[in-house]
Amino acid sequence: MTTLVIVESPSKAKKIQAYLGTGYTVRASLGHVRDLPASRHEIPARYAAEPWARLGIDVQAGFRPLYVVPRSKAKVVRELRELAAKATRVLLATDPDREGEAIAYHLAQALGLKGDVQRMTFHEITKDAIQTAAKRTRPLDYALVGAQESRRALDRLVGYGVSPVLWGAVAPGLSAGRVQSAALATLCERELERMRFVSAPYWRVTATVGEEPFTAVALSVNGRRLATPRDFDHAGNVTGEALVMTDEQAAKLVAYLKVRPCLVERVERAPFTTRPPAPFTTSTLQQEASRSLRLSPKQTMDVAQKLYEGGFITYMRTDSPALSDEATRAARDAAEQAYGPGSVPAAPRLYAAKVKNAQEAHEAVRPAGRTFRASADTGLAGTELALYDLILRRTVASQMTDLLGERTTVTLRVGAVVLQAVGRTVRDPGFTRAYQDTSETGPDDDAQALPDVREGESLPVRDAAAEHRRTPAPGRFTEASLVRALEKAGVGRPSTYASILSTIAERGYARVVKRQLVPTWLGLLVNVYLREHFERLVDVRFTAAMEEDLDRIASGELRREAYLTRFWTEGLAGVIAGAPRLSPTLAVPRVPGATVTVRSGEVVLALGSRTAPLSEAVVPDELTADVVEEVLSGRLPPGPNTTAPSRRGSGRGSSGTRRSARPHKGEARSGKRTARAGGRTR
DNA sequence: CAGTGAGCGAGCTTCCGCTTGACTT
C-alpha cells in the first residue's frame, strides 16, 4: 500500500519524502522525460521515412507531435515505471505551471498510467502545504498541456524551419529561434546604435564655493541653458535651445566666475523615501551577482545549485519574488534580531511578480527553512558564502523599513550665471543597513554632502574650472543586463536565461569582452537576414503575443490546431519557402559605400571593387573609414578569426555525430582555418 | 602496378524548456 509521488527535482523529493513519511515513495523525474526527436538517430525506424520526421511534427495530421524518450532519460523512466507498477496510486507532483503540467502528462504516458491521472500541486514546501496538497489532488489539465504542446511545436517549427534557411543563405550549422533570435536582435540593435553614434564634445563648468567648500555646476548664462549630454541626439547634434560653448567661451566663463561674488538664491529641501528591493528571482539574482560579485549568470546558477542541494536556499529557478508566510516571519525575525524592533514596518511587505509571462510556481530565492541561518553559521566559504550572504541580506532587507532621506538643491547666482549643487542626507538608513542595492545610481550621481547654507547668503568663489567632456555612446549589454532586457519582454524562462547566452556564443554570434557582450560580424549579418525576411522573429514582442495565445489555449478559448495552422500553414511555412537564399549585406554606418557580407562562409568587407576578409578581431563599432582602409589595403592583418569554437556542444547525442558536426562549424566561421590546416601538413 | 588526388554524393547541422550528474577540455 504505497503512493508514488513524482516531483521534478531530487532535492525536493528528499524533503517531501520526510514530510509525507511511510506509505509514500517520493521520486524525481529530473525534468522532462519525453520530447520531440532532436535529430535523425532519435527517430524510431518506422517513422524515419516520413517526410515530417525531421520536424517531429506531422503537420498534415493536425500537427501531431512525435514524442520519444531521449536516451539520457531511459533509466529514469524505467525505474519510475517499475515503482508505479508496485504502487497503489501515483500522484504527479511536478511544478504547478505549464511545463510542469506537460511533464505530468508525459509521465502518465511514458509510465503507462491507467485511469484518471491525479495531480498534486503546491507553491511552498512546508509540512502543512505538502500534507494538504497530498489530500487535495486534481485531474490533469489537458488544456494546459495543449498550451505547452503548442509552445513546444511553435519553437520546433521556428527553429528547425528557419535554421536551414540560414545554412543556405549564410553558412552551415547556424541557427535561429524564437528566443535566441530576439536576444541577438537586442544585441545587434544596440551595436548598430553605437556604430551610428557620433560623440559630441561639450564643456562642463563648475565652481567651488563656500567656507566649507562644495561644488556647483553651471546651468545657464544670461538665461541661456548650457548643453548637457541629454541635449544631443545620437548623430551628435544639439536638439534644443541649449548652448554648446566654444573653448573660448568656456575659458571666459571660468574667468568670469572667479572674480565675482556668489549669492545663494534658493535652497530647496525635499524629503524622499526608498523602498527595499523585492526578494530575488532568478533574473534579479543573476543581475546582482553580476554587479556585486562579478559572476556570470552561469556561474551564479552553478553556485546557487550547490546551495540548493546543500539545503541552504530555496529553489533557484523562479520568476516569483513572493515569500511564503513562514519566510516572511523568518525575515522579520532576522531583521529585528540584528537591527532592533523598529527595523521592520508593522505590516509585512508583500511582493508579487510584475514581469510578463510569470508562472509563479515557486517562491523567491531565499534562505531555506523557518529560521534563517546567519552566514557565519553556515560553514560555507568563498563564492558559495558570498552568494548565500547576498541572498540572506536581500531577503531580510525586503521586510525592513524604507530608507528616509532628504534631497537638498542649492541654486547659486554669480552675475549672469546660475549654478546648482545637489545634496543628499540620510535620516534613517532603514533597509540599507542590511543591503545596499548596487544598482542605486542615477539622478543622484552628483549628490554630495552639502554644508548648511541660507537663502540670500553670500559665498566666496574659491575656484572655477571647465572640463571638456564628450557624450557617451549607448552602453553595451552585459550578460546580466541582457537577461534583464529579455525578462522584461517576457522572452526566455528562469531555467534558460544562462543558456541563451551560451547558445549565441557557440554559434559565433557574439562574444564576451571585458564582461560586455559584443556581437560578431556573423551575428550582425544573421540579424540583417532575419530582419529582412523574418521580421516577426527578431521582434521581442513576438513572445508576448505568443503567450497571450497560449493563455487562450489553456482556457479553452482557442484550439491548438487552429493556432498552429494560422501560425505555420498560413504564415511561416510560406515565408520560409519564399525567402531568397542570398547572403545578407550590412552597410557600414558612417563609411559611405562600405559593406560587410559573407562569401562561402567567410565575412568579407567591400568598398567599390575592393574586397578583403574581415576578421572578427575588428570590433563592429570600431570600423571607421580609417580602419576600412587599413583592412582593404591589407595593413591590418586579417589575423586569426577569433570566433574560436568556444565550447563543445552540451554533450547530447553520440560521439559520432559530434565529430562530423564540428568541422562544418569551423568552416562556417572561418575559411582561414581549413586553409591553414591544409598548408601545415608537411 | 601502387599511390595520389580530384570529384562526387550522402549525411549532418538546427529549436525551447525542465532537470542533474557524467565527462572531457
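Hydrogens, waters and symmetry mates are skipped; everything else that's a heavy atom, side chains included, is used.
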As a test of reading the structure: which of [options] is closest to the side chain of [X], going by heavy atoms?
X: A:His32; options: B:dT20, B:dC18, B:dC15; result: B:dC18
X: A:Glu99; options: B:dG17, B:dC16, B:dT20; result: B:dG17
X: A:Tyr160; options: B:dC18, B:dT14, B:dT13; result: B:dT14
X: A:Thr496; options: B:dG17, B:dC12, B:dT20; result: B:dG17
X: A:Arg151; options: B:dT20, B:dG17, B:dC15; result: B:dG17
X: A:Ser175; options: B:dC16, B:dC15, B:dC18; result: B:dC15
X: A:Met316; options: B:dT20, B:dC18, B:dG17; result: B:dT20

request  = Kindly indicate whether the side chain of A:Arg152 and the base of B:dC15 share any N or O donor-acceptor pair separated by less than 3.5 Å?
outcome  = yes
Is [X] salt-bridged to [Y], going by a charged N under 4.0 Å from an acidic O?
X: A:Arg98; Y: A:Glu149; value: no
X: A:Lys73; Y: A:Asp35; value: no
X: A:Asp549; Y: A:Arg566; value: yes
X: A:Glu101; Y: A:Arg119; value: yes
X: A:Arg151; Y: A:Glu99; value: yes
X: A:Asp95; Y: A:Lys12; value: yes

Checking all strands, does [X] fall into the base, sugar-phosphate, or nothing category for heavy-atom contacts under 4.0 angstrom?
X: A:Gln180; answer: sugar-phosphate
X: A:Ala176; answer: sugar-phosphate
X: A:Gly31; answer: base
X: A:Arg493; answer: sugar-phosphate
X: A:Tyr315; answer: sugar-phosphate
X: A:Ser29; answer: nothing
X: A:Asp95; answer: sugar-phosphate
X: A:Val179; answer: sugar-phosphate

Rounded to whole angstroms, how far apart are [atom1] on [X] and [atom2] on [N]?
X: A:Lys75; N: B:dT19; atom1: NZ; atom2: P; result: 20 Å
X: A:Arg40; N: B:dC12; atom1: CZ; atom2: P; result: 7 Å
X: A:Glu149; N: B:dC16; atom1: CD; atom2: C1'; result: 15 Å
X: A:Arg317; N: B:dT19; atom1: CZ; atom2: C1'; result: 6 Å
X: A:Ile43; N: B:dG11; atom1: CD1; atom2: P; result: 13 Å
X: A:Arg507; N: B:dC16; atom1: CZ; atom2: P; result: 9 Å
X: A:Ile576; N: B:dC15; atom1: CD1; atom2: P; result: 14 Å
X: A:Leu174; N: B:dC15; atom1: CG; atom2: P; result: 10 Å

key: N/O (side chain, A:Ser495) to phosphate O (OP1/OP2, B:dC18) under 4.0 Å   = yes
ask   = OP1 or OP2 of B:dT20 sitting under 4.0 Å from any side-chain N/O of A:Ser72?
value = no
query = Can you list, by residue number, the residues of residues 47-71 of chain A that have a non-hydrogen atom closer than 4.0 angstrom to DNA chain B?
reply = A:Arg54
query = If we require ring centres under 5.5 Å and near-parallel planes under 30°, does A:Trp167 stack on B:dT14?
reply = no
ask   = Does NZ or CZ of A:Arg156 fall inside the cone over A:Tyr160's six-membered ring, less than 6.0 Å from its centre and within 45° of the axis?
value = yes
task = Scan A:Leu113, A:Leu91, A:Val90 and name whichever one has a side chain to side chain contact (heavy atoms under 4.5 Å, CB included) with A:Leu4.
result = A:Val90
request  = Indicate yes or no: at least one non-hydrogen side-chain atom of A:Pro584 is less than 4.5 angstrom from one of A:Val170.
outcome  = yes
